[in-house]
Amino acid sequence: MQNQVENVRLEALKAIEAASDLESLQQVRIQYLGKKGSVQGLMSLMRDLSKEEKPAFGAQVNACKEAISAAVEQKQAELAKKAMNARLENEKIDITLSGDRFQIGTQHPLMLIQREIEDLFLGMGYTIAEGPEVELDHYNFELANIPKDHPARDMQDTFYIDPNTLLRTHTTAMQMRELEKAKGRVPIKLICPGKVYRRDDDDATHSHQFMQMEGLVVGEKITLADLKGTLTYMADTIFGGGRQVRFRPSYFPFTEPSVEVDVSCPFCNGKGCSVCKHSGWIEILGAGMVHPHVLEINGFDAEKYSGFAFGVGLERVTMLKYGIDDIRNFYTNDLRFLKMFDRYD
Ligand code: PHE
């Protein structure tokens with residue numbers, strides 16, 4: 001009987017040794033240590049033993065069981081390690097492979113400029129106001145001191161939707177909405193970016209849709225000097241430091257005095273080049289002091305308060321800044337053009 005125990009032990013150890021993976025080892029374990037396994041079979045032999053023989057035989061079977069258990073455990077650890085190594089080898093990641101690139105869009109150059117100018121004015125305590133592109137004649141013209149039959153209406157060929165509704169021709173319409181909303185209260189300090197529309201024939205420098213950014217400040221003792229300082233700061237931000245700004249007299253019905261604003265050419269520093277047509281100056285926007293009549297019809301005391309306003313064409317400054325020679329590039333969705341402004345490449 002002792003031999004029988006020894007045989008089971010040797011057989012089991014051999015089978016354990018031969019198990020090549022965790023699954024077959026599990027089979028071996030069941031075969032020897034399971035409820036109906038060989039070790040249990042040895043135990044049942046106890047029935048036929050005398051009382052004196054039982055303890056020694058029991059101890060022998062237990063030792064056999066432990067030896068098999070230990071061998072199974074050891075083999076299991078070995079196989080698990082082997083399996084893990086095989087898996088790691090299998091799933092090895094080649095970190096030298098280049099990753100997949102997501103196709104993310106680029107910021108449109110007009111948005112780049114818009115954000116840049118917005119940041120600048122937000123930093124000076126301005127707020128941003130936006131409003132409808134389908135606008136009432138009332139805000140686009142009437143409140144801006146351009147009554148019906150006023151010749152200035154011809155300055156801006158308008159898309160009318162009906163006699164009272166139109167596609168706004170300038171962001172000055174928003175200026176009027178904001179003045180009306182303020183109900184005579186100052187200070188007002190805001191910018192209004194947005195799309196505007198005019199019945200122009202599209203060519204390299206004209207587009208029936210373009211973008212403007214209006215600026216408006218109303219308060220006590222606001223002067224042309226404040227306007228000049230603000231615009232110089234803006235020109236420096238857009239075109240780089242050291243810009244000079246010059247005012248030329250102009251006419252807008254909603255400002256008095258009105259000015260056309262030139263900035264010293266950023267390409268030749270005012271010396272004269274092909275971009276500035278050898279004048280040293282580039283016209284960038286229209287501006288002026290808010291017309292007292294515009295303040296009055298919007299409920300402001302024009303004796304006490306004054307304000308400045310300006311309207312800058314975003315395509316124009318973007319074209320100047322990046323040397324873009326055709327305004328239609330902004331609207332034709334040519335990826336080759338748009339990708340040039342990819343800041344993430
Ligand atoms: N609205 C004018 C234009 O579109 C620009 C402007 C705005 C001029 C504000 C003066 C003050 O040409």
Side-chain angles (χ1 to χ4, degrees), residues 110 114 117 121 126 128-133 135-147 150-159 166-180 182 188-200 205-219 222-231 234-235 245-263 282-295 297-298 300 302 306-317 327:
L110 290 174
Q114 182 182 329
I117 302 178
F121 280 97
Y126 284 58
I128 299 174
E130 283 177 307
E133 289 164 31
E135 185 54 285
L136 295 173
D137 184 286
H138 181 67
Y139 293 109
N140 198 81
F141 289 131
E142 292 287 335
L143 286 187
N145 211 14
I146 317 176
H150 193 290
R153 289 209 177 198
D154 298 340
M155 281 164 74
Q156 302 178 355
D157 265 330
T158 310
F159 287 111
L166 44 80
L167 294 181
R168 67 179 174 195
T169 59
H170 51 183
T171 44
T172 303
M174 266 312 286
Q175 185 193 143
M176 297 312 147
R177 278 180 177 270
E178 291 296 323
L179 282 175
E180 186 187 67
I188 296 176
K189 251 174 110 177
L190 45 88
I191 49 168
C192 319
K195 296 193 190 81
V196 299
Y197 302 84
R198 290 186 199 172
R199 285 194 326 159
D200 260 333
T205 51
H206 295 86
S207 170
H208 61 280
Q209 173 197 316
F210 57 102
M211 289 197 73
Q212 280 190 337
M213 172 128 27
E214 192 91 354
L216 174 67
V217 172
V218 182
I222 303 294
T223 68
L224 263 187
D226 297 315
L227 173 63
K228 194 163 187 179
T230 306
L231 293 179
M234 180 170 90
V245 161
R246 129 181 132 170
F247 285 174
R248 280 180 294 109
S250 183
Y251 172 73
F252 299 104
F254 33 89
T255 45
E256 181 56 37
S258 301
V259 291
E260 212 83 67
V261 180
D262 297 341
V263 53
I282 295 175
E283 185 195 321
I284 58 163
L285 56 85
M289 299 305 290
V290 181
H291 198 298
H293 183 60
V294 170
L295 288 176
I297 53 179
N298 281 299
F300 290 84
S306 54
F308 69 69
F310 62 87
V312 57
L314 294 185
E315 280 80 355
R316 174 141 177 83
V317 288
I327 195 171

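Note that this is a predicted model, so its numbers are computed, not measured. Remember, it's 1-based here, ligands and their atoms both numbered in the order they're listed.
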- Query: What atoms of ligand 1 come closer than 4.0 angstrom to any heavy atom of Gln212?
  - Reply: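 Answer for ligand 1: 3 (C), 4 (O).
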- Message: Taking 4.0 angstrom as the limit and counting only heavy atoms of Gly286, give me the atoms of ligand 1 inside it, by number and element.
- Response: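 Close to Gly286: 6 (C), 8 (C), 10 (C).
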- Query: How does Phe310 reach ligand 1, by side chain, by backbone, by both or by neither, if only non-hydrogen atoms under 4.0 Å count?
  - Reply: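 The answer is the backbone.
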- Side chain or backbone of Arg198 under 4.0 Å from ligand 1, or both, or neither, by non-hydrogen atoms?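 Under 4.0 Å from ligand 1, Arg198 contributes side-chain atoms alone.
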Quick check: does any side chain N or O of [X] sit under 3.5 Å from a backbone N or O of [Y], one acting as donor and the other as acceptor?
X      : Y      : answer
Ser258 : Phe252 : yes
Glu260 : Arg248 : no
Asn140 : Thr169 : yes

Closest protein heavy atom (residue, atom, distance) for [atom]:
atom                   : answer
atom 9 (C) of ligand 1 : Glu214 OE2, 3.3 Å
atom 2 (C) of ligand 1 : Phe254 CZ, 3.8 Å
atom 7 (C) of ligand 1 : Gly311 N, 3.3 Å
atom 1 (N) of ligand 1 : Thr172 OG1, 2.8 Å

- Item | Glu135 bridged to Arg177 by N-O distance under 4.0 Å |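 Yes, this pair counts.
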- Message: Ignoring hydrogens, what is the shortest heavy-atom contact between Thr171 and Val196? Give both atom names and the distance.
- Response: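 Taking Thr171 first and Val196 second, the nearest heavy atoms are N-CG1, 3.6 Å.
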- Message: For the 3.5 Å polar cut-off, considering only N or O atoms, please tell me whether Gln175 and ligand 1 meet it.
- Response: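 No, Gln175 has no N/O under 3.5 Å of an N/O on ligand 1.
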- Query: Quick one: does Thr169 get an N or O within less than 3.5 Å of an N or O on ligand 1?
  - Reply: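 Thr169 vs ligand 1: no N/O contact under 3.5 Å.
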- Checking side-chain contact (heavy atoms from CB on, under 4.5 Å) for the pair Leu285/Leu231: CA distance, chi angles, key distance, verdict? CA-CA 10 Å; Leu285 56 85; Leu231 293 179; 3.9 Å; yes
- Decide yes or no for His208 and Phe159: does some side-chain heavy atom of the first lie under 4.5 Å from some side-chain heavy atom of the second?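 Contact flag for His208/Phe159 side chains = yes.
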